[in-house]
Amino acid sequence: MPRVIVLDPLSQDGLDLFESAGNIEYEIRTGLSGDDLKHALSEFDGAICRSGVKITAQSLEGNRRLKAIARAGVGTDNIDKDAATRQGIVVMNTPGGNTISTAEHTIALMLALSRSIHPAYQSLIEGRWDRKLYMGTQLAGKTLGIIGLGRIGQAVATRALALEMQVIGYDPFLSTQRAKDLGITTCDSPKDMLPEVDYLTVHTPLNDETRNLIDKEQVDQMKRGVRLVNCARGGIYNEEALVEGLKSGKIAGVALDVYPSEPCTDSPLFGMPGVLCTPHLGASTEEAQTNVAVEAAELLIDFFTTGAIRQSVNMSPLDPKTLEGMRGALNVAYRLGMLLAQVDHAPPISCKVSYQGEVCKKDTSLLSSSFAAGLMQHAMDCEVNIVNAGVLLRERGIELIEERSTDPGEFSSLITAEVVSEHQTSCASGTLFGSKPRLVRKGEFRVEASLDGILLLFNHRDTPGVIGKVGALFGKHRVNIAQMSVGRVSDQPGGQAVGVLSLDSQPPAEALRELLSLDAISRASIVKLPAANELPAWMGG
Ligand code: NAD
Ligand code: MLT
């Protein structure tokens with residue numbers, strides 16, 4: 001039964017789903033870091049977290065068990081996604097579940113800043129009645145600038161418009177028309193809006209482009225008395241610039257929910273007049289936490305029960321319906337990759353996957369990734385799947401190309417994979433017979449064999465007696481032959497041929513040596529494939 005580790009406090013509604021699923025065990029282990037986290041992660045198949053735990057490359061290093069991480073929330077910056085991708089671990093998030101709560105928190109901070117709610121209450125409980133000191137400003141009629149008009153930015157905009165603010169915004173991916181429909185005036189760059197805004201809020205991810213997006217230079221361009229809010233990620237505003245701006249009176253107020261490093265209990269901004277800070281509470285409402293915990297638990301349950309990958313931030317989504325419709329073809333491509341990895345032991349330089357017939361109607365890029373996963377799996381220590389296979393090929397400079405032809409050939413669907421190494425080009429074709437992957441061509445030879453279990457592939461001269469000798473040899477070594485297929489290029493005997501044997505057990509090295517010493521046999525390889533009904537986890541196995 002798959003085991004899931006719960007790394008941050010999570011709403012009980014999400015955990016209850018694991019209970020009712022009945023086929024997943026979970027264990028709560030919060031507050032982990034360093035070696036404790038690494039060790040804990042190695043004992044589980046799935047992990048679920050919020051933003052507290054830091055899943056670093058070091059904490060995933062050498063992990064051969066973990067398959068999926070679900071983030072109950074939007075930002076996945078606390079997870080090293082490159083490291084996860086390299087190890088074939090799917091990272092999924094739950095965008096949307098906390099949008100409204102975070103937008104409301106942004107508005108709450110703007111209102112609190114404008115009316116000095118927090119210092120006014122503080123002075124009151126300290127025994128003062130300072131009505132003059134806390135003269136505020138209205139939001140109505142003011143201009144709000146929003147950088148980042150995704151889910152939360154747009155939700156803030158609609159709420160600000162309801163408060164009768166003017167909203168101007170910048171987002172490189174929001175069309176002018178959509179902005180117009182929302183009542184937002186767009187700018188060509190953040191720079192253009194800065195002199196206009198009374199309030200500024202940011203709702204972008206933190207990345208190289210957005211780090212220090214608002215620095216001293218940008219603060220200088222703003223109106224005197226501007227108020228700034230950040231409920232996105234710490235680091236988008238440069239903290240030194242904020243301190244300086246507050247000291248000079250250029251900035252009237254700063255409200256932060258997020259910090260460059262969290263947890264944060266010490267900041268040069270803490271305690272400064274005009275500053276209001278909350279400890280990353282944007283999504284901390286009962287509603288948002290129920291939403292994200294339930295959604296994250298569902299993602300893991302679906303992943304472990306049907307193989308469905310949804311809302312992944314490190315791979316293209318594969319919903320259960322798509323997976324169902326593609327599983328057979330994915331399986332053929334995967335097994336062809338595994339087979340070709342074992343017939344030539346030299347490092348591949350390039351690969352080509354050709355699709356013929358009906359299979360062209362499917363998402364062949366996923367099928368090619370599945371082929372790459374099979375090819376790389378053999379050589380890798382970690383699980384290789386359609387998430388990381390492409391990266392692993394690219395990291396090794398192996399080119400993967402695809403060809404498609406809708407012409408129906410001999411089969412309604414045919415997948416042909418070719419791997420080029422320094423010494424040779426190996427090629428095999430497979431198709432589905434019902435739901436069973438079959439090998440139908442090895443190189444130029446037409447064969448007919450199951451693509452599972454232990455196979456012996458051998459090239460030989462098509463002369464009488466060869467097959468008998470091979471059978472006798474395996475009999476001597478007590479290896480049972482379950483199936484045999486022989487194929488030759490032309491109908492004429494005497495040329496080159498290929499034999500494929502399905503064996504019930506792994507033949508000893510001695511048997512292979514004796515086989516290769518037979519006059520008519522030029523090459524032989526043992527290929528180990530998964531059993532007929534065995535699928536990798538990412539294919540729903
Ligand atoms: P989203 O993906 O829906 O929106 C982000 C938007 O930023 C996108 O539209 C994107 O085009 C835009 N963007 C990216 N780079 C930009 C740039 N250089 N300039 C301008 N716009 C840019 O994400 P969301 O759900 O709206 O979340 C926004 C942020 O809020 C994320 O960083 C998320 O982690 C954070 N967040 C914080 C809390 C909290 O508790 N404080 C809760 C939820 C989300
Ligand atoms: C998020 O990215 O979803 C938020 O930062 C909320 C959280 O981490 O809880």
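In each ligand, atom 1 is the first atom listed, and ligand 1 is the first ligand listed. Note that this is a predicted model, so its numbers are computed, not measured. Computed over heavy atoms, backbone and side chain alike; hydrogens, waters and symmetry mates excluded.
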Looking at ligand 1, does Cys231 have a heavy atom less than 4.0 Å from it?
-> yes
What protein heavy atom sits nearest atom 19 (N) of ligand 1, and how far away is it?
-> Tyr170 CE2, 3.4 Å
Contact partition for Arg151 relative to ligand 1, non-hydrogen atoms under 4.0 Å | both
What atoms of ligand 1 come within less than 4.0 Å of a heavy atom belonging to Gly282?
-> 39 (C), 40 (O), 41 (N)
Just jot down the ligand 1 atoms closer than 4.0 angstrom to any heavy atom of Asn98, in number order.
-> 43 (C)
Of the protein's non-hydrogen atoms, which lies at the shortest distance from atom 5 (C) of ligand 1, and what is that distance?
-> His203 O, 3.4 Å
Flag Asn207 as yes when one of its N or O atoms lies below 3.5 Å from any N or O atom of ligand 1, and as no otherwise.
-> no
re atom 4 (O) of ligand 1, the protein heavy-atom contact at minimum distance is Gly150 CA, 3.3 Å
For Asp188, does the CG atom sit with more than 12 other heavy atoms under 6.0 Å from it, leaving out its own atoms?
-> no
Do Glu295 and Asn93 have a side chain donor and acceptor closer than 3.5 Å?
-> no
Mark up the atoms of ligand 1 that fall under 4.0 Å of a heavy atom belonging to Gly148, in ascending order.
-> 7 (O), 20 (C), 21 (N)
Distance only, no hydrogens: is a donor on one side chain within 3.5 Å (strictly under) of an acceptor on the other, for Tyr199 and Thr137?
-> yes
Just by distance, with hydrogens left out, do Glu402 and Thr364 show a side-chain donor and acceptor under 3.5 Å apart?
-> yes
Give the C-alpha distance, both sets of side-chain angles, the deciding distance and a yes or no for side-chain hydrogen bond (donor to acceptor under 3.5 Å, both in side chains) between Asn207 and Thr210.
-> CA-CA 5 Å; Asn207 53 36; Thr210 59; 3.2 Å; yes
Polar side-chain atom of Lys81 near backbone of Thr76 as donor-acceptor pair, under 3.5 Å | yes
May I ask whether Ile147 has any heavy atom positioned less than 4.0 angstrom from an atom of ligand 1?
-> yes
Of all protein heavy atoms, the one nearest atom 8 (C) of ligand 1 is Asp171 OD2, 3.4 Å
Heteroatom distance test (Ala283, ligand 1): nitrogen or oxygen, under 3.5 angstrom | yes
Carboxylate-amine/guanidinium contact Asp82 Arg86, below 4.0 Å | no
Atoms in ligand 1 with a heavy atom of His280 nearer than 4.0 Å | 39 (C), 40 (O), 41 (N)
Polar-atom distance check: Thr210 versus ligand 1, any N or O pair below 3.5 Å?
-> no
Examine distances only and state if a side-chain atom of Asp130 and a backbone atom of Leu133 form a donor-acceptor pair shorter than 3.5 Å.
-> no
Would you tell me which option among Ser284, Ala232, Ala155, Gly153 has the nearest heavy-atom contact to atom 35 (C) of ligand 1?
-> Ala232
Look at the side chain of Asp8 and the backbone N and O of Gly52, then say whether any donor-acceptor pair between them is shorter than 3.5 Å.
-> yes
Under 3.5 Å: N/O of Ile152 near N/O of ligand 1 = yes
Asn78: side-chain hydrogen bond (donor to acceptor under 3.5 Å, both in side chains) partners, not counting sequence neighbours = none
For Thr102, atoms of ligand 1 separated by under 4.0 Å from a heavy atom | 38 (C), 39 (C), 42 (C), 43 (C)
Glu196 and Gln166: side chain donor to acceptor below 3.5 Å | no
Heteroatom proximity flag, Asp257 to ligand 1, N/O under 3.5 Å | yes
Mutual orientation of the aromatic rings belonging to Tyr26 and Phe18 [parallel < 30°, tilted 30-60°, perpendicular > 60°] = tilted
Heavy-atom neighbours of Gln12 CD exceed 12 at 6.0 Å | yes
Shell of residues surrounding ligand 2, defined by a 4.0 angstrom heavy-atom cut-off that is strict | Arg50, Ser51, Arg71, Gly73, Val74, Gly75, Asn98, Arg233, His280, Ala283
Is Arg65 paired with Asp45 through a side-chain N to carboxylate O contact shorter than 4.0 Å?
-> yes
Val74: numbered ligand 1 atoms lying under 4.0 Å from its heavy atoms = 25 (O), 43 (C), 44 (C)
Closest protein heavy atom (residue, atom, distance) for atom 20 (C) of ligand 1 | Pro172 CD, 3.4 Å
Would His39 and Glu43 count as having a side-chain donor-acceptor pair, cut-off 3.5 Å?
-> yes
Short version for Thr204: what comes under 4.0 Å of ligand 1, heavy atoms counted, is both
Are the side chain of Asp257 and the backbone of Leu281 linked by a donor-acceptor contact shorter than 3.5 Å?
-> yes
Evaluation steps, side chain to side chain contact (heavy atoms under 4.5 Å, CB included), between Ile28 and Leu10 = CA-CA 9 Å; Ile28 303 172; Leu10 219 68; over 6 Å; no
In the protein, what heavy atom is nearest to atom 18 (N) of ligand 1, and what distance, to one decimal place, separates them?
-> Glu209 OE2, 3.2 Å
The closest protein heavy-atom partner of atom 14 (C) of ligand 1 is Pro205 CD, 3.7 Å
Element-labelled atoms of ligand 1 that are located less than 4.0 Å from some non-hydrogen atom of Gly75 | 34 (O)
Examine distances only and state if a side-chain atom of Asn314 and a backbone atom of Val90 form a donor-acceptor pair shorter than 3.5 Å.
-> no
With a 4.0 Å heavy-atom cut-off (strictly under), which part of His105 contacts ligand 1: side chain, backbone, both or neither?
-> neither
